[in-house]
Structures are given as C-alpha cells and as structure tokens.
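In what follows, chains are A, B, ... by sequence order, proteins preceding strands, each numbered from 1.
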There are 2 protein chains.
Amino acid sequence: MEKQIMDMCDNTCDGTETDLSTVKQQMVDEHSAYELAELFKALSDPTRVKLIGALLVNELCVHDLSVLLEMGQSAISHQLRYLRNLRIVKRRKSGKTVYYSLDDSHIEQIFVLTLQHLKHE
Amino acid sequence: MEKQIMDMCDNTCDGTETDLSTVKQQMVDEHSAYELAELFKALSDPTRVKLIGALLVNELCVHDLSVLLEMGQSAISHQLRYLRNLRIVKRRKSGKTVYYSLDDSHIEQIFVLTLQHLKHE
DNA sequence: CTAACATATGAATACTTGCTCATATAATAA
DNA sequence: TTATTATATGAGCAAGTATTCATATGTTAG
C-alpha cells in the first residue's frame, strides 16, 4: 500500500522517457471518458443492439419488437426506456400502440460504421 | 404466460401494417448482434476508455498508465488483459517493462468518430 | 360501465463486472 | 545467491445489470 503511493509520486518508470504530463494534456479528459463510456454502454448489450438494428429498418411498436426479438414485452419495454433516456430512440403514440424510432443520427452512424467493419473482415 | 405464447404466434398487433418477416430479413442477425455488443462493451467502461484514449496519444507501459489514470497497477493490468483478449491493444516487451499500444484501427476510428460527435454538440 | 388490449414499471433475482488484495512470474541488479 | 522492479493473475467482494413476474396505467370496443 505504501509502496503504491510512492509509485504514484514517481513520474516515470525505469526505461521510459515518455513525458506523462504531455500525454495527460493530449488525452481524453475525465468527463469525456464518462460520456463516451455511457454512450457505448447503450450499444453493449445484444438486446439493445437488436432493437436498434430493427429500428434502423423501420419504425416499430413494442409488440412487434417483442415478436421480432422473440422476447417478453416487459424486457423490451425496459430496454426501450433505457434507450429513450439516452435519447437514442423516441416514441410516437397512436391510440393504444406506441411506435419507437431512432432519435440520434450519431448512434446510427456509429452503429452502421461498426457493422461494416465487422462484416468486411 | 399462455397469453405471451399466443402473442408470439400473431404476426402483427392491431393497427400495424408492418410486414415483420421483411423487417426480420433486413435487420442485423443474431451473430452480428452479439459481435457488435461485445465490441461496444469493450468501450463501455470509463477506465478502458481512458486507457484507449491514452494509447491513442502514445505507446505506454503499465506503470505509466497506472500513474496517468491514478489507479492501482492491478486494475490497469486486468483491463489491459481484457482489451488484449479482444485484440484492441497489443504489447511489446522490453526488459522488465511491457509497452502497450493500440492494435485495431477500427476501434480507433470508432473511438475518434464518437469523440468528435460528443464534442460538436 | 366492463372487458380486452398495449405498454409501463417496481420488485426480486440470477448473473455479470470492476476493483482490491495477496501472491506469482519474470527480468535485472547487487 | 538475494533483493528489487515490473507486470500478471486468481480469489473475493461490492456494485451493477438484464430478465421475469406481477401489477399498474392508459386506450379502445362493446
């Protein structure tokens, strides 16, 4: 434990000439790191990926999404709320049914770009 | 429960004219969904984001990363192993010290693209 | 009004995950 | 050899997460 704190005070390990303060200035800041992680976390679950993948094709209601993914209505609804809180999807109500669609072209781009990368290799 | 299974057999809910089988054909398949989620999961943690953000600037050894992120050596090492297993980072050994660097230009692109999106809004 | 349908949501639970601690491995120095 | 430095790793735990179940809300039909 004491040793660890000592290490923290040192600025380089033996054999490195890297200027850490320069790296620290250039690297992504604390706040951005959390924002990035939060955004990627939304895409880090297969169910959410499938939901986004489906909404990429068409606006769909909860029931249809539940049929498409072969999952319970409640699970779908919970995940849609998650994505809605992050403004990744939006909803449109029409009578009894609620239609969901994508609400963020950024996510759409990232999603499609990454999908292409996975396919072409 | 019985009701749920009934729902699954229906192909549309009232008020929808969406052809679900057509959507299913176009949407991302099961396997791709899991691959996408796995990839994004690697980027869904602030520590891993910071690690990648630092290695985006420079190749760095474990100790320096531990200093930069102000975290214990063990935590850093565990996360580096995680990223290494997914071939996101690679390592180069030089004497006692091990230098890590990015190993996947895809991830790099996605990371930078997303970072830009977050900044410009 | 009541019944049926569509969606939302709180609680419970099984599972996952990120960190710490202690220790192991590996390389170098004395 | 032993001591020191750098990194790796297994176990354990606390916190988080995705699903299910039961139920609530809201909408339309009869």
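For the pair B/Glu38 CD and C/dT17 P, the computed distance is 10 Å after rounding to whole Å. In this structure, B/Met71 atom CE and D/dT7 atom P are separated by 15 Å, rounded to whole Å. Between A/Leu43 atom CG and D/dA18 atom C1' there is a gap of 16 Å when expressed in whole angstrom units. The distance from atom CD1 of B/Ile76 to atom P of D/dA8 is 11 Å, rounded to the nearest whole Å. For the pair A/Leu86 CG and D/dT17 P, the interatomic distance rounds to 11 Å; values are reported in whole Å. Atom OH of A/Tyr99 and atom P of C/dT7 are 8 Å apart (whole Å). As rounded to whole Å, 13 Å separates atom P of D/dA18 from atom NZ of A/Lys50. Nucleotide D/dA6 holds its P atom 15 Å from the CG atom of B/Leu60, rounded to whole Å.
For D/dA6, its base never sits under 3.5 Å from the side chain of B/Gln73 at any donor and acceptor pair. Contact annotation: side chain of B/Ser74 to base of C/dC19, donor-acceptor pair absent below 3.5 Å.
For the pairing with A/Tyr100, the side chain to side chain contact (heavy atoms under 4.5 Å, CB included) check across A/Arg91, A/Arg92, A/Lys90 returns one residue only, A/Arg91. Partner B/Phe40 forms a side chain to side chain contact (heavy atoms under 4.5 Å, CB included) with one of A/Asp45, A/Ile110, A/Leu39 and no other, that one being A/Ile110.
Within the structure, every side-chain polar atom (N or O) of A/Lys93 is placed at least 4.0 Å from both OP1 and OP2 of C/dA6. In this structure, B/Arg81 does not reach the C/dG18 phosphate: none of its side-chain N or O atoms is under 4.0 Å from OP1 or OP2. Distances shorter than 4.0 Å separate none of the side-chain N or O atoms of A/Arg91 from OP1 or OP2 on C/dT7. For B/Arg48, a side-chain nitrogen or oxygen approaches OP1 or OP2 of C/dG18 to under 4.0 Å. Between B/Tyr100 and D/dA6 there is no side-chain N or O to OP1 or OP2 distance below 4.0 Å.
Between A/Glu70 and B/Lys24, at least one side-chain N (NZ, or NE/NH1/NH2) sits under 4.0 Å from a carboxylate O, which counts as a salt bridge. One finds no salt bridge joining A/Glu35 and B/Lys119 here, because no Lys/Arg side-chain nitrogen approaches an Asp/Glu carboxylate oxygen to under 4.0 Å.
Each of B/Val98 and A/Lys41 has a nearest nucleotide on DNA chain D; the 5'-most of these lies closest to B/Val98. With the nearest nucleotide of DNA chain D identified for both A/Ser94 and A/Tyr82, A/Tyr82 has the one nearer the 5' end.
A stacking contact links B/His78 to D/dT9: the aromatic ring centre lies within less than 5.5 Å of the base's six-membered ring centre, and the planes differ by less than 30°.
Among C/dC19, D/dT7, D/dT9, the nucleotide with an atom closest to any side-chain atom of B/Arg84 is D/dT9. Side-chain proximity of A/Cys61 to the nucleotides C/dT7, C/dG18, C/dT28 is greatest for C/dT7.
The backbone N or O of A/Leu60 lies less than 3.5 Å from no partner atom in the side chain of A/Asn58, so there is not a single donor-acceptor pair.
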